[in-house]
Amino acid sequence: MNPDTALLAEQVRQAYEDRKPLRIRGGSTKDFLGHASPGEALDLGTYRGIRNYQPKELVLTCRAGTTLDELEAVLEAQGQMLPFEPPHFGPRSTLGGTIACGLSGPARPYWGAARDAVLGVQLLNGRGQVLRFGGEVMKNVAGYDVARLMVGALGTLGVLLEVSLRLMPRPAHTQTLVQERTASEALTAMNRWAGKPLPMSATCWDGAQLFIRLSGTPGAVRRAAQEIGGEPLAPEAAVQFWQTKIRDQQHGFFLGSDPLWRLSLPQAAPPLSLPGEQLVEWGGAQRWLRSDQSPDSIRQAVETQGGHATLFRGAEIPSRFHPLPPSLKQVHRRLKAAFDPRGILNPGRLYPDF
Amino acid sequence: MPSSPESAAFHRAHQRRSALVAALRAFLPSEAILAREEEVRPYECDGLSAYRQLPLLVVLPRTVAEVQKIVRLCHQKGVPLVARGAGTGLSGGALPLADGLVLSLARLNRILAIDPLNRTARVQPGVRNLALSEAAAPYGLYYAPDPSSQIACTIGGNIAENAGGVHCLKYGLTVQNVLGIRFIAADGTEIQVGGACLDSPGPDLLALFHGSEGRLGVLVEATVRLLPRPERAQVVLAAFDDLEKAGTAVGEIIAAGILPAGLEMMDQLAIRAAEDFVQAGYPREAAALLLCELDGTDAEVSETLAQVHALLLQCGATQVRTARDEAERARFWQGRKAAFPAVGRLAPDYYCMDGTIPRRKLPEVLRHIAELSQRYGLPVANVFHAGDGNLHPLILYDANQPGELARAEALGGEILERCVAVGGTITGEHGVGIEKLPQMCVQFRPAELDQFRALEQALDPQGLLNPGKGVPSPRRCSEYRQLPKRAS
């Protein structure tokens, strides 16, 4: 075992012995997500580096502390990218943190989520054992899919050491179109187009305008642009819009002071009439709400549409993630005990009681 | 009179069976309970017919409430159960247990809703894979995963095994195409994970259930993603005089930034068998054949087609043909889809393997398979999902020759172990089931297997859901590891 891996394993083993909680930390750019967790820091920020990159296989393995910036620069040099376009909430955002939080960006409904790109992981469980699940191949059904189970677990089931990912070629051509639309028109339009074989790669309604990104071969993009219509956005402005403003949340909408809610809904669910501003992404599947309404009223409105609501930034409430039905919560609680019997990994980060 | 030891054992379990039937009759009609030997016989195996076992009995519920009552009863009485879809699985995942019941979900076969605007369908587990795509067709939509058994196999079984197909490289496996499930937990509780949204909070339980082979819960409903049917699909056939050149061509296509909908390879034995069987128009003299399917909008396909054509010639293809029309395209694919039965005609029996390797290791692994084939004296035909490195070596043997099945299994085991050694996996899409338990001990270390068992116990503390599959017992692994190392 590598000395630096052994060191991390030893820290977890010691914490297991001492029954002392650990707070897993990468670049500390997503501390706002979920609840504060007590405990000593387990630092993965220096546990970095690409371990294996096979461009012809569209596969990469790197250590969890590798920053997204570093990773994406390496991929770009080979004309490839992470299909899920993860947000960077700062230059120190790491791959491990991104996967643990299960965060995906604008392309998510069209090219898949972070979990879809994960092929394998190496992790430390709550006993400090170094374990490997999944691998570096696209198709793999040997054993339970523990690698993907880690996505969204916020480090509560294991400390991610290495992650293997499926990559994709960067599309040859991209164009963004802008149309004036109401929320209701935008939702219908986005979903109608998604039901056709058009090369859409991102959609966003920002309160007044609908932005549609098309990606693919030049001819396919040109033809789809004719079918969809709208004003083309200049290429630099388009990159600025999708990456900085939407993916990394620098759009004016995200800079307000009211609590920021992330609503996950069926894509074509009608506009929710909740007090506050809304920004719609992912063809309607991800909607952002700035509102000081009570968590209960927001969650109730979302639940009636079959969705769930996360308090993403701001305020302090007992459960930032949508409360689970008791039977499902019991499953999560038992899984936590199976991976982390002494409850030392990021306790309370996801749900206050485990 | 019982005619075999197995049959005798079946009849000895008479009392246990009667007691269970009596309890089931409280909520199931008699036609939903199969308890006579001739009635349960058809359920003795799945697609891996080398393994057979008569179950204690078979139940065929029609409703979720009935499934729930059956699971509760098993929980109370400590009776193990094996959930079953169409029984097309290739790893013995649905092999019955002598002291357990088979819970067939074949009658829960309704498509509950199709939502064209959301592009989702809510289905019961017994819905057939192809029936779903047919039902979605009027909306211009389809369900992407298409295992070879799609005419018969069910969505429930697809989820249990995380089934693939020929279009995984572009459209993913089952796990990438399901949004939500409802299952009955081991204690009879009904639990919903996900729904029609794209995600749910916390650890990805939905992914965990995919490929769990009915060991974490009994699936009773799924919400799946439907995709728009591509405007055009076109297939290119390329022949090579050398397998390695064909392997290189696959890498070059991907490196050029092209993501084909399907990218399949066959070796000479498979090519000839398929050609003799369905007259697909394959070149019989070729050492390797590639089928590359491109789909998308008309413009996209035209642009990429020219690029692929040029690449294939650059890589040394001796012949490159684009299907002239839909009929020829269907024929090209028919040869590939019929490859298993076609190879099956060459020998009394064949054994289909399912390893995945990093694609760059293909030449090395193929050479090794050829050596093994010689050493064991059994022919091996090779069919691959080349785009994603998923190999299906087909080992030809004759089960009536004493010792040949064991030799075929040993050969297969060695192929899988080589897949692990080069950084791959023992199963790409068929699952572990009963078949690959020994190789699980090769792919995973004891601590990893312990973690699997802990996870399983968290959801099924009594170990009643499909026990003995998927994860080998520690004892089995230590026995396997002590076997004398085979010469390699």
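Keep in mind it's a predicted model, so treat the numbers as computed, not measured.
For the atom pair Asn125(A) CG and Leu455(B) CG, the distance stands at 11.5 Å (nearest 0.5 Å). Here the CG-CD distance, from Leu131(A) to Glu448(B), works out to 5.5 Å after rounding to the nearest 0.5 Å. A distance of 10.0 Å separates CG in Leu265(A) from CG in Asn118(B), rounded to the nearest 0.5 Å. Arg166(A) contributes atom CZ, which lies 10.5 Å from atom CG of Asp388(B) (distance to the nearest 0.5 angstrom). Atom CD of residue Gln305(A) and atom SG of residue Cys197(B) lie 10.0 Å apart, to the nearest 0.5 angstrom. For the atom pair OG (Ser200(B)) and CZ (Phe321(A)), the distance works out to 11.5 Å, reported to the nearest 0.5 Å.
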Run the side-chain contact (heavy atoms from CB on, under 4.5 Å) check on Lys56(A) and Glu252(B) step by step: do they pass?
-> CA-CA 7 Å; Lys56(A) 286 189 185 178; Glu252(B) 291 304 319; 2.7 Å; yes
side-chain contact (heavy atoms from CB on, under 4.5 Å) between Arg215(B) and Tyr144(A), worked out | CA-CA 10 Å; Arg215(B) 290 162 62 72; Tyr144(A) 294 107; 3.2 Å; yes
Working for side-chain contact (heavy atoms from CB on, under 4.5 Å), residues Thr425(B) and Val141(A) | CA-CA 8 Å; Thr425(B) 175; Val141(A) 291; over 6 Å; no
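Contacts between Tyr351(A) and chain B at a heavy-atom distance below 4.5 Å involve the side chain alone, from C-beta outward. Interface residue Arg192(A): backbone and side-chain heavy atoms are both found under 4.5 Å from chain B. With a 4.5 Å cut-off on non-hydrogen atoms, Pro109(A) touches chain B through its backbone and its side chain both. For a residue to count as touching a neighbouring chain, one of its non-hydrogen atoms must lie under 4.5 Å from one of that chain's; by this rule Gln451(B) touches chain A with the side chain only. Interface remark: Leu226(B) contributes no atoms to any contact with chain A (heavy atom separation under 4.5 Å). When heavy atoms are compared at a cutoff of 4.5 Å, His430(B) approaches chain A solely by way of its backbone atoms N, CA, C and O. In this structure, the portion of Arg262(A) lying under 4.5 Å from any heavy atom of chain B is its side chain and not its backbone. Contacts of Leu205(B) with chain A are made by both backbone and side-chain atoms, with heavy-atom separations under 4.5 Å. Residue Thr310(A) does not touch chain B at all, counting heavy-atom pairs closer than 4.5 Å. Contact annotation for Arg232(B): neither backbone nor side-chain heavy atoms come within less than 4.5 Å of a heavy atom of chain A. Contacts of Glu161(B) with chain A are made by backbone atoms alone, with heavy-atom separations under 4.5 Å and no side-chain atom involved. Contacts between Leu117(B) and chain A at a heavy-atom distance below 4.5 Å involve backbone atoms as well as side-chain atoms. Residue contact with chain B, scored on non-hydrogen atoms closer than 4.5 Å, involves the side chain of Gln54(A) exclusively. Only the side chain of Gln443(B) comes within less than 4.5 Å of a heavy atom in chain A; its backbone stays farther off. Only the side chain of Gln129(A) comes within contact range of chain B, judged by heavy atoms closer than 4.5 Å. Using a 4.5 Å cut-off between heavy atoms, Glu303(B) touches chain A through its side chain atoms alone. Of the atoms belonging to His322(A), heavy atoms from both backbone and side chain fall under 4.5 Å from chain B. In this structure, the portions of Ala194(A) lying under 4.5 Å from any heavy atom of chain B include both its backbone and its side chain. For a residue to count as touching a neighbouring chain, one of its non-hydrogen atoms must lie under 4.5 Å from one of that chain's; by this rule Thr120(B) does not touch chain A. Residue Phe452(B) touches chain A through both its backbone and its side chain, counting heavy-atom pairs closer than 4.5 Å. Both the backbone and the side chain of Asp199(B) come within contact range of chain A, with heavy atoms under 4.5 Å apart. For Arg132(A), the parts lying under 4.5 angstrom from a heavy atom of chain B are both the backbone and the side chain. Looking at Arg359(B), the atoms closer than 4.5 Å to chain A (heavy atoms on both sides) sit in the backbone and in the side chain alike. In this structure, chain A has no heavy atom under 4.5 Å from any part of Gln457(B).
Highest contact tally toward chain A, considering only Leu198(B), Val175(B), Thr189(B), is held by Leu198(B) [criterion: heavy-atom pairs under 4.5 Å]. Highest contact tally toward chain B, considering only Gly34(A), Ala147(A), Gly195(A), Ala100(A), is held by Gly195(A) [criterion: heavy-atom pairs under 4.5 Å]. Comparing Asp450(B), Ile258(B), Thr297(B) by heavy-atom pairs within less than 4.5 Å of chain A, the highest count is held by Thr297(B). Of the residues considered (Pro199(A), Ser104(A), Pro218(A)), Pro218(A) shows the highest number of contacts with chain B, using heavy-atom pairs under 4.5 Å. Among Gly143(A), Ala113(A), Gly79(A), the residue making the largest number of heavy-atom pairs under 4.5 Å with chain B is Gly143(A). For chain B, the option among Pro169(A), Pro266(A), Ser327(A) with the highest count of heavy-atom pairs below 4.5 Å is Pro266(A). Of the listed residues Val137(A), Leu157(A), Val146(A), Leu350(A), the one with more heavy-atom pairs under 4.5 angstrom with chain B than any other is Val137(A). Looking only at heavy-atom pairs under 4.5 Å with chain A, the residue among Pro358(B), Gly180(B), Gly389(B) that has the most is Pro358(B). Interface check for chain B: of the options Arg148(A), Arg334(A), His308(A), the most heavy-atom pairs under 4.5 Å are formed by His308(A).
When all heavy atoms are compared, the tightest approach of Asp145(A) to Ala207(B) is CB-O, 3.7 Å. Closest heavy-atom contact between Ala299(B) and Ala220(A): CB-N, 3.8 Å.
Defined by atom type and a distance below 3.5 Å, a donor-acceptor pair is missing between the side-chain atoms of Asn140(A) and Thr356(B).
Taking the charged nitrogens against the carboxylate oxygens, Arg360(B) and Glu57(A) do have a contact shorter than 4.0 Å, which makes a salt bridge. Under 4.0 Å is where a charged nitrogen must lie from a carboxylate oxygen, and between Lys196(A) and Glu231(B) no such pair does. In this structure, Asp204(B) pairs ionically with Arg115(A), as a charged nitrogen and a carboxylate oxygen lie closer than 4.0 Å.
Counting heavy atoms from C-beta outward, His332(A) and Pro203(B) have side chains that approach closer than 4.5 Å.
Residue-environment remark: CZ (Arg127(A)) stays at or below the threshold of 12 foreign heavy atoms within 6.0 Å.
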